[in-house]
There are 2 protein chains.
Amino acid sequence: MSPRRVTLADVARSAGVSPTTASLVLSGRGREMRISHDVEQRVLKAADELQYRPNAVSVGLRTGTTRTIGFVSDTVATTRLAGDMIKGALEAARDRGVMLFIGETEGDAELEHRLLQAMHDRQVDGIILASMFTRTIKVPKEITAAPAVLLNALPKHPSPLSSVLPDEVEAGRTAARVLLDAGHRDDIYLIGAGPGMRNVPAGSVAAVERLVGIREVLGEAGVKIAGGRVCRDWQPEYGLDATRAILASGRPRALICFNDRIALGAYQALSDHGLKVPSDVSVVSFDDHPLAAWMRPKLTTVALPHYDLGRRAVDVLFDEIGHHRDGTARTGEVHRVPMPVRHRESVASPGAV
Amino acid sequence: MSPRRVTLADVARSAGVSPTTASLVLSGRGREMRISHDVEQRVLKAADELQYRPNAVSVGLRTGTTRTIGFVSDTVATTRLAGDMIKGALEAARDRGVMLFIGETEGDAELEHRLLQAMHDRQVDGIILASMFTRTIKVPKEITAAPAVLLNALPKHPSPLSSVLPDEVEAGRTAARVLLDAGHRDDIYLIGAGPGMRNVPAGSVAAVERLVGIREVLGEAGVKIAGGRVCRDWQPEYGLDATRAILASGRPRALICFNDRIALGAYQALSDHGLKVPSDVSVVSFDDHPLAAWMRPKLTTVALPHYDLGRRAVDVLFDEIGHHRDGTARTGEVHRVPMPVRHRESVASPGAV
DNA sequence: CTGTTAGCGCTTTCAG
DNA sequence: CTGAAAGCGCTAACAG
């Protein structure tokens, strides 16, 4: 079968030195320990010839650190968005020479519990607990067994855990600025929430934060939001209904849709009404869902930075691991990742009537 | 910080027995060793009270088996399809109490090399080497360090590795039967390959296998393929071109498109020609890409079983691991996973003109 | 500058 | 039926 792996002892023997010396040389601390150049070369040569590779399991047992982290999400592989988060995390991990365990909880607390246990049993250095869409979650107690960060999620109850989230408030500002920059000052309507801060779908972090940003920028510019409609669910059909309702009483020049699926419905309503995007009505949205590039005209939208979120999560996790190692207190910070605009074809100046 | 993990020694001490005894009881071999019921209960109680969990790293070092497998693919997280494969693998692994390392090579051999090494260093029990789309690959030599299976890939050179693949030949038969069952016997055209076995895009396993199945069933039914066109690439634009070319000279009653993206192009060409699907022309396709359900009329297609492929791969891998353990020879088999038809709206009887 | 020794947490002979 | 002891492969005191 497969030949027995070569061990440090093999290398030491072959180089005619003790395991300690071999270990020192191979861990790069040979210089610092002022090991003779001759011995160093012998060890290096032996290791190279025997193709020695340290047994990471053994190192893990001995040092207590496995260069392995866990990525647990409620639903993962299945969607393109989540896929990008994983990809970001994967690449950041690779840059640090760390491997990723992945697991899916499907929103099942029991499963989540077992997964976290299985990972801790394997002595992961830390855990990323990710949510598919931004929301507040109840942090499982067993997570505290190792450093951890929340990805795309906020702790429902006070917790020492740090979070990594898209910067939704700034995204709201961005969307508003896109319209302002195009020259819109009147007849700007919101689809999906608002215009008042009370009119927001329950439990949606994204909704309130986006709204805050929008109102802030528009307010500062002295622009009044003409109107807005909540949608019970951010799906095309509700976007259609909401837009239709607005069209019944008003005459929008610009729409800020709270996500791309809503925008799809809005397009439909506009078209039914004989209104053209963007010449009659500009539309700006959020998420940069794949469908945004499929829509005609292509949708200008403020993108959810899935890939960056993934990367950032491992960066933050490693900070936590560092703090954990040298006893520094947990930070419990909230890290916001910028949401970039994708300028496409759905926004135009209102002048061109 | 986090309290030290409780060890087997702690349990043994608390139960007033030796570590050996505790180990025996907890590994379930207490009965077999005829440990006294009293002692057994004491150990169990202690373990439970202390919330003992074995340190998997230690077990891994001691026993050489880590209950961990590696999933390496050329590109993975990014696409919905690959995501489903991972999900299948994840769930199958979970059923067996095994964790998954995942890694992406991006088609880079050097990266692949390093990833496989990193996994072997961590003593994975086996590896799944997956490809995004079915193809032949050069098997990296370092893979032989542990049991392994190829997923969605065939070894380019003779190899002892088993493979798990979609059953493309049977899928071809299925597609042909769908048409036959609807009553089609004439003017059946192929878009993407064929009708002769020479007319196939280079290097596409799926193309030749699907064609074989199609020709077999149609041939046995005494039905002659009216024509067909290769597409240099299986993209909508080429599907459109190919269909247009066929429309220039013939009058198809049914199209077998080699994948859904091609079918999208075919729809377009048909529509440009004033032909309705399915009343004028039936269309059947392969893959069940998400877009198949978006097309109007919804596309009847033979699905790539990504989820099942993932599950199957871990099943096969575990067989290999079993064989590896008891020294039985590697099998090197090719496992085919059925491709189910998704009956939708693009096929009708040719009678209804 | 290098080697001896111990031990991470667990399983597994081998003796009682 | 139970315990003592060894050892998986490696690192880290501590001596020399």
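Naming convention: chains lettered A, B, ... in sequence-line order (proteins, then strands); numbering from 1 in each chain.
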In this structure, how many angstroms lie between the [atom2] atom of [N] and the [atom1] atom of [X], rounded?
X	N	atom1	atom2	value
A/Asp121	C/dC10	CG	P	10 Å
A/Arg53	D/dG9	CZ	C1'	15 Å
A/Leu24	D/dC10	CG	P	14 Å
B/Arg42	D/dC1	CZ	C1'	13 Å
A/Asn55	C/dC10	CG	C1'	15 Å
B/Arg13	C/dC10	CZ	C1'	14 Å
B/Gln123	D/dG9	CD	C1'	9 Å
B/Arg62	C/dT12	CZ	P	6 Å

With a cut-off of less than 4.0 Å, is there a side-chain N or O of [X] near OP1 or OP2 of [N]?
X	N	value
A/Ser36	C/dT2	yes
A/Ser23	D/dC10	no
A/Thr21	C/dG3	yes

query: For B/Glu40 and B/Ser58, take the nucleotide of DNA chain D holding the closest heavy atom to each; which residue's nucleotide lies nearer the 5' end?
result: B/Glu40

query: So which one's nearest nucleotide on DNA chain D is more toward 5', B/Ser18 or B/Leu61?
result: B/Ser18

task: Would you please say whether a donor-acceptor pair under 3.5 Å links the side chains of B/Gln117 and B/His113?
output: yes

message: Can you tell whether the side chains of B/Asp125 and B/Arg96 come within less than 4.0 Å, N to carboxylate O?
response: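 Answer for the salt bridge query: no.
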
- prompt: Using 4.0 Å as the upper bound for N to carboxylate O, is an ion pair formed by B/Arg94 and A/Glu106?
  reply: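 Salt bridge: yes.
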
task: Compute the ring centroids of A/Phe101 and B/Phe101, then answer whether they are less than 6.0 Å apart.
output: yes

Have a look at [X] and say if it touches a base, only the backbone sugar-phosphate, or nothing, with a 4.0 Å heavy-atom cut-off.
X	result
A/Thr20	base
A/Val17	sugar-phosphate
A/Val39	sugar-phosphate

- prompt: Between the side chain of B/Arg336 and the main-chain N/O of B/Leu165, is any donor-acceptor distance below 3.5 Å?
  reply: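 Checked: no pair found.
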
